[in-house]
Each structure stands twice: as structure tokens, then as C-alpha cells.
Amino acid sequence: MPDYKATLNLPKTDFPMKASLAQNEPLSLKRWSEIDVYGKLRAAREGKPRWVFHDGPPYANGSIHIGHMMNKSLKDIVVRSRSMEGLDCPYVPGWDCHGLPIEHKVMTEMVESGKAKKLDEITPDQRRMAVRRECAKYAEKFIKLQAGQMQRLLTIGDYANPYRTMAPEYEAAALEVFARLIEEGLVYRDKKPVHWSVANRTALAEAELEYEDRVDLSVYVDFEAESREAVERAFGVELDATPSFMIWTTTPWTLPANLAIAVNERYRYSLVRVDGAETIMASDLVAKVTGAAKVEKVEVLAETDGAKLVGLRYRHPFVDRTNPVVHAEYVTLEDGTGLVHTAPGHGTEDYRTGLKEGLAIYCPVREDGTYDDSVPEWLRGKDIWSANAKIVEYLRESGHLFFDHKFSHSYPHDWRSKTPVIFRATEQWFVGVDRPAKRDGATLRHAAVEAVERNVDFVPSWGRNRLRGMLESRPDWCISRQRAWGLPIPSFARPDGSVFMTPASVRAVAAAFAARGSDAWFLETPAQLLAGYDASKDPQAPKDLDVAALTKLYDIFDVWFEAGSSWNAVLRARNLGFPAELYLEGSDQHRGWFQLSLLPSLGAMGVPPFKRILTHGFMVDKNGRKMSKSVGNTIEVEDLMKDVGADVARWWVSSLAYEDDIKVDMDYFRVAGESYRKVRNTIRFLLSNLADFAPRTVEEKGDAVELSSIPPTSIDAWALAETAKLERAVRDAYAALDFRSAHLAIYDFCNDTMSAIYCAATKDRLYCDRKDAPRRRATQTVMFTIVDALSRLLAPLMPHTADEAFRSLWRSDGCCVHLETYRKLDELGIRCDERWGAVLQARSAGFAAMEVAKRDGLENPLDAEVTLPDPNGELRPFLADLPDLLGVSRVVLDPAATASSVRDLRAEPRCERSWKRDGTVRARSDGGLLSDRDALAIGV
RNA sequence: GCGCGAGUAGCUCAGCUGGCUAGAGCACACCCCUGAUAAGGGUGAGGUCGAAGGUUCGAGUCCUUUCUCGCGCACCA
């Protein structure tokens, strides 16, 4: 028997089954960088419609983590898919460089290396500069590291010119935003209690706080009433001794700053005799309080309304003054006594009460957490934390302490130093959210809520509610910090103690910073910094301004102000387009970058900096727990790249329902690897059947047939139509930022449409037809078109593999899929018979019949003839492809049949080349048993 | 405490405005192929849709209550 294997057109390709991504992806990176894909793409899209994505700056500290991997991958999928659409999509990655985390780290290192000691010997300016130089080096180092890691994720962008918040031109652009806000009357300086980190001697933003459980001493303290008669009148009783008001606090150290007691007018209060002393507390809390203190004898003498208590006065237990009882709505009956210790210098609500009641914003605590000289002598200079016990002791001895106990509650901590923070009133710079802008009288809060309501799209949609809620309740933005590593707020003090800063002076300093960087603030005199400032041309300049007499103030900006100005420093400064189409970050950025970009942009420009916001959830481990290094459930990006590679990691990212929290586990990447291989193998099979196929190009005709010549009833037309459908679906999904749908559609297409149906059905003709048989060339033409389209659709998801397939398809190392656009097959007018649905149903029915036949001993489908019922002749036009669709030798269509059936053909001869028993098999001139088709193919 | 989201086969998820015996992929089991071969094809078994009530002719889908998980916010004087 002749051996026919050599006469077949068996698959052949240089596209390997094994991807070896860890080895090959870096080679792709190198190739792309050599041909400057990003630059080429920019040039190729010049003049096309702009679509600007704006990157939120990660912090230049440490290695990127798995969350960055997802975030940057999603961003890259957006940019690449928009670009593939033919749009002009510049992408400038950026880094947040200033701020406490770096300064903290650098300081720690300096202390450890002994360098910090030398700082004491130099001037404050020199000291700040020494720290800043170290910080800048530190930031630079990590930008370099992270840039490499991000590129390893196969993200495309202008990595040659990223933005850095510490770059001079960036700093100047941020100051310009600040100048605009001043012009609009939105910036003010005021004393206000702010979260204060004693450890770092700086005010902290909400975003810099973490709440952790902490055990504090909680005390119930009696404040003696000033007038016994007044209390008697309030309660309508007569007393032998002066009663007290009982307050509760977990921060005894704030008692020296106590300036009022707050009650709620709506509650009932009782005058109680406890262990022989009279005191006042909320009626509903008498049992709870006395019970907690294990008091034996409790006697309620009288009751009255809270409103009657308002206006009474009491003596401070250890400071020589009397203070009022006031009303406050926030007083509740959940904890304490219903009488709230109020210190306007030490709490937000206390502060508000203080403003309302005309109390002083008194704060006797210095920035290092010790008392100043306005407190009683025994507390002066003492550290507040140690003062807690001291004060309690004092109260105990003076008889003011009713009861004390340990109390566990969650308490704000400085997120870096992990130390508890305090509320402390200090002079700070604020951006007011309730101040009318000069431009239109609208407040930032109003404008922001309006914008969120009307002018911004949210993915997922509930982001809108979330951001709106935050904006509605947010306080004024404290933008000043008392640190060295940051952008100085360019304000000066005049000899009379007043502060000098106008839009024009800010711009003058901005110009100095643009030229010499913000280091200039520490290296130059006010006169040098203001060299470009002319007071005579500044209508807002104070009279008799003497620049030479100014001294610099040393507050720096909250880093969020800098990051929140990126729309100006990057999008506008580089003429990329403003506002951005999309900001895409983790859901924590509702309170961070989203909100703090929105406010400056609205303040300065009157419009939001983004048209759409996409948020994704956070990575958790497979049990739903937060990932953290201390728990040890993290996955290192570097390991991931080595293990599965960027394409598989990105393929996994694209499969996620990113709006929720995302469970991550190494196993999931392995699963993604499996489905990646399915896609890869499908492409490989398609490519391997194109080894002898020269495509039609502009230059040459090649072996391709006209797509329009493919009959609508052929399986090729069906495959092509399915591809067009896929392309439409994937493009739509990308546009809707629904990457998951794109992923699933592509996977199903490869797994089902191609691998299970089309490839399986066309194997026979590809292998056994004559090389240049029209039927074979038609299939090859379609397969070529499919790989061409598919690699473009895959390019945003798996940049390396897509390009590998594309180059293999075109057999050229000079081409690159990332410079292409989608094929847009739906515009080609491909015709496909609408009865294909019925054909596929018949196929399933045929398989079912085959299963039955298998039970009766039939094993190889090629030994079978399947009869399909075809009552209305609907299947007739597809008869030619039906045997291949079922993988059997013959199909009979029977208008009279009601069910599919199978006939065993093993009694008939089998073609020695194609192994089919199609009824034409007979002995040929070469001595072999061949079917007509095979005989024709080898010319015997 | 308030708000948001989620709880559907072992795993990852679909199930829009309520309507035929609740779907997909993976994994699993069985079978086939050995000319995509550390590949490919076919078939199948898996779920009382977190729980309890209710509305309805009919609910995974609406309402109420409740449990679990996650997130955010606030409070913690």
C-alpha cells in the first residue's frame, strides 16, 4: 500500500505551541523600542481625532505591586484599543514624587546612617535642602525602577518623557492653578483644628489617616456649677450644696482647652445624688453611667429639659475660668453622659460649636505635642500623652473624677508613622469649598456636585453617588503641610506679621520655579524669588510693600494639590487635550485623585478635568481578605512575569469584573494560562495551514480569492461572518470599557467557532485537497483574514502574542500589529446564509445520533454515514459541507425522516489517503484505494 | 451607626424591564482521534439561585425582614 502521508498538505508553522513568554516578551519590548513604536504611532495618528487618557501618578516609592499590574494593564488596554480604532491617543505616564512617605523614609535612613545629626549644625534652609536632595534622589531611583516594571507589563506610552510632580515645569504649572484659585477668591488662611501628626509635626489630610483600635483612658468628670441658685431654678428644687455637670471624655489631655459643655436641648437631664454628691447627666444615661461605676446609692432628685441647662455656667476643674453650657445637635445618648466636653481647638465639631457660640479657638498644645505656657504650671511643657494620666490623677485628688476606665475605640493614626494623631488648631491654608468663586459666584461644592451630576460619566454607575456623597459632605481642603519635601506655598510674612501672597506674586515665583525648580525657595532670598514681580502693576499688592523686608514662610502643598493639578501640568501644558476622556483608578481615588483633580479644575477652569471616570476594586486574596505583606498573601509582579508572563497576566486582567473587589491567586493565573493556550493554539492551527499561502497584498495578487466570491452557504462564509460579528462585538466592548465581554467573545470564538467547528470541519480539505484547489484556497483566504483580524483584536489584551501572530502571518519582522487599525470586516459586505443557525442545530442532532451509534459499537466517526431529517429542504444547500461539519464520511438528507440516524460504513472501502468512506473509493492506477477527490489531488 | 456592592453548579461568572424543564467557560467523568499531538473532537454528571416571609396566574429576577462577606463614609466628645 502506498504511503500517502507525504502527499498531504499537513500543517506547518514557525509559530510555536509553547509561548515562552518570560523569555520572548522582553525581546518584543526590545524590538518595539528599536523601531520606536510609540513614536511611530504618534506620527501615524497625527491629525486623527484625539482621544486623551490621563494617567494618575503612582507614588514613586517601592516596587509596583499586583494592584499596579491590574491598573496599568487596564489603562494600557484602553489606550491600545482606542488607538487601534484609529484615534490619536497620546499616553504620558507620570509619578507623584513629593510627600511624606518619601521624606519619612529618607529621614529614617539619615537617622540610621548618622547623617541626621549633622543637620542640626546647619541653617534651616540648608537642612531642608539636604533632605530635599536625598528625597529627589530617592524618587528618581524609584521612578526608574517602576518605569521598567511598568514597561515589562507591555504598556505603551511616552516613557521617554513621563511627567514628574517634582519637575520644574510641573511645579510652575501647579502654582499657576493655585494662582487661579486665589484669583477666584477660593484660598484662605485660618486657624483651624486639623489632624496633626505629632511624630511628623505636620497637619495631615483625611487620606493620610488610618483608623486603628486604641485603648484610651476614659473619664467621667464633674464640672462644678458656678451658681447653685441657677441650677436650682433650672430643676425647680432646693439644694444644700453646689451640684456639678458630669462630662465624659476619652482624651483627658484636651481638658485644659475645655471652653464649654454641650447638651442637646431635646433631651431630658437629671439632677442625681450619687454617693452623697449632686451631679447632672442625661436622664437616659443615669443607669448606664452609675452602673458602669458600680455606684451603690443613686437618687434622682429632679429632671429638666436640656434647653433649661443652656446658658448655665460652670467652673473649670483646674483652670481659673468659668464657661457656658451650650446646645449642640450632635450630642447623642450613645456614650458618655449627654453632656459633651467641648474644646474648639481640638475637634471639628467643637470648633463649629465654638464659632457659633463665639468661643476662642484655643489650643494650648504646641506642634511637638507639648503644652504651652497658658496651661496650669504643673502641665507646662508636658507631653500630652503623659499628661493624660497626670490630669486624671489631679482630678482624682481634687475630687472631680467620678469614674475612669479603659476604653477601646478606633482612633485616627498617621498612616506613615502609625502613631495616633491629635486635633490641633493651627494656621493653615485652605481651599474653601463653600466660597463663591469670583467668576460666577458658584461655590466649588456646588460646581462639583453639578459636574458629577451632569457632565461626568461613571463606570460603574454607582461611582457617581459615591463621589457626590463625598463632595456634599467634605470640609474645606487644608492644602498646607509643614514639611520640606514638597512644593512650597509661595507666601511671605511682612514685618508686621501679615501674610503676603497675590496671584501675581505666585506667578512670579512660579516663573522662578520653572527656571530653577522649587529648590529656589530654599536657596534664594525673597527678592530673588520675586525678581519678576512688580508691585506697582499688581492691584492686589499691599501698600508700601517692601520686598526686601519679606521673610519666606515654609508651608508646602498637600501632595494631592500637585497631583490634582496634573490636568494643567500635563494635559494643558503639553497640549494633549483638555479635558481628558477618561481617568481610570482604584475606587479609593474617589476621595483622592478624582475628587482632588475635580476641585482645582473647577476652581481654575470652571470645568471638570475628565469626561468619564472608571474605577476598579481592590485585590484581595482568594478568601476575600485584603492582601498585605505582613499576612504574606501577596503575589509579586516580578514572580508573575517569570511564571506566566505579561500577556497571560493581562489576559487574566481582561477577564475580570473589575468593578468589584478582585480575588487573586496564583491558581487563577494558571487557569488564565490554560485559556491563553487555547487561544494561542487556535491561532497556531490557522497559521500552520497558511504555510503555502501567499496572501493578496496591494502589490501582488497572491493565492487569495475574492472574499465576495465565497458562496453564502459555504462554511467559509459562515466563519467570515462570525469573525465580522466578533470584531463588531469586541470593538463595542472596548468602547464601553467592558473588557470582560471582549475577552469572553474572543475566547468563545477561538474555542468554539474556530477550534470546535471551523478548524475541525476544514481540516480535511486543507490536508487532502490539491494545494491550489479553489475550495482550499477559499478556506485559506478566510483563515488568513481571521488571523489578521484576530491579532488586531487581541493586540490590546496580549500585545506580545498578537504581534507574534501578526508577524508570523505576514512573515515579516518589519511589521507591527500595534501600528494597525481594526479590519472593520462588517464594512466588507460579507454575505452569509441566514439558515446557518439551522445547520448548526442539525450538526448537534447529528452528534447526538453519533453518541447512540457509539454505544452500538461504532467508534470512528469516519466510519459513519449520518442521515439528517430535512423536511423543508433547508439543509440541502449546505450538503457539501455537512460531512465535514460532523466529521463523518457521508451525510444523507431525508425529507421524510423525523430523527437523525447513523449507518455503519465499515463494509465499504476506506480511502487510504483521507480515511473517508465517501462512496467513490476504488483502486487507482498507483495501486492504492482512493476516493475521487484524493485521486484527483495526486493525479492518479 | 449610615451608605454601596456581592452572595446562582467544585471554581470564575451570565441571567436586561418577573414567564417555557436556571445558562456559559474551566475543572471533573466517560468515549473518540492519533495527519493541530505536552494538541484536537464528542458526550455527560453537577445548582432546593444565602435564609425566611410576602406580592403575583407565575420570582434567581419585585417588596419586607434576616444572615454572611467586602468596600466606603461617619462617629468615637
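All chains are named by letter (A, B, ...) in the order of the sequence lines, taking the proteins before the strands, and each is independently numbered beginning at 1. It should be emphasised that the depicted structure is a prediction, and the values quoted were computed from it without experimental measurement.
A/G345 approaches A/P193 most closely through the heavy-atom pair O-CB, 3.9 Å. Pairing each heavy atom of A/S755 with each of A/K678, the nearest pair is OG-NZ, 3.5 Å.
Taking only side-chain atoms of A/Y747, from C-beta outward, the nucleotide of B/A39, B/U37, B/G25 with the closest atom is B/G25. Here B/U37 is the nucleotide among B/G40, B/U37, B/U12 with the atom lying nearest to any side-chain atom of A/M17. Residue A/K5 has its side chain nearest to B/G35 when only B/A36, B/G35, B/G72 are considered. The side chain of A/R843 lies closest to B/G42, out of B/U12, B/G42, B/U37. Considering only the side chain of A/Y668, B/C11 comes nearest among B/C76, B/A39, B/C11. The side chain of A/A756 lies closest to B/G41, out of B/G41, B/G35, B/C33. Between B/G42, B/A39, B/G40, one nucleotide has an atom nearer to the side chain of A/R677 than all others, and that is B/A39. Checking B/C11, B/G25, B/A36 against the side-chain heavy atoms of A/P11 singles out B/A36 as nearest. Listed nucleotides: B/C33, B/G42, B/C73. Nearest to the side chain of A/E859: B/C33. Side-chain atoms of A/K854 lie closest to B/G42 of the nucleotides B/A39, B/G42, B/C73.
As judged by a 4.0 angstrom heavy-atom cut-off over every strand, A/S675 is placed among residues making no nucleic acid contact. Within 4.0 Å (heavy atoms only), A/N681 reaches at least one base atom of the nucleic acid. Across all strands shown, A/K678 has heavy atoms under 4.0 Å from sugar-phosphate atoms exclusively, and none from any base. In this structure, A/M470 reaches the sugar-phosphate backbone alone: every heavy-atom distance under 4.0 Å involves primed, P, OP1 or OP2 atoms, never a base.
In terms of the side-chain hydrogen bond (donor to acceptor under 3.5 Å, both in side chains) criterion, A/T762 has no residue partners (sequence neighbours excluded). Applying the ring-ring contact (aromatic ring centres under 6.0 Å, His included) criterion to A/H590, with sequence neighbours excluded, gives A/F594.
The distance between atom CG of A/L744 and atom C1' of B/U12, rounded to the nearest whole Å, is 10 Å. Following rounding to the nearest Å, A/R670 (CZ) and B/G25 (C1') show an atom-to-atom distance of 20 Å. With rounding to whole Å, A/L8 atom CG is found 10 Å from B/A36 atom P. Here the P atom of nucleotide B/C73 and the CZ atom of A/F594 are 14 Å apart, to the nearest Å.
Rounded to whole Å, the separation between the P atoms of B/U37 and B/G19 comes to 46 Å. Taking the C1' atom of each, B/C16 and B/C11 are spaced 26 Å apart, rounded to whole Å.
In terms of phosphate contacts, A/K18 brings no side-chain nitrogen or oxygen within less than 4.0 Å of OP1 or OP2 of B/A38.
Donor-acceptor pairing under 3.5 Å is lacking for the side chains of A/Y758 and A/D752.
For A/R445 (side chain) and A/E472 (main-chain N/O), a donor-acceptor pair under 3.5 Å exists by modelled atom type.
Glycosidic conformation of B/G7 is anti; the angle lies outside 90° of 0.
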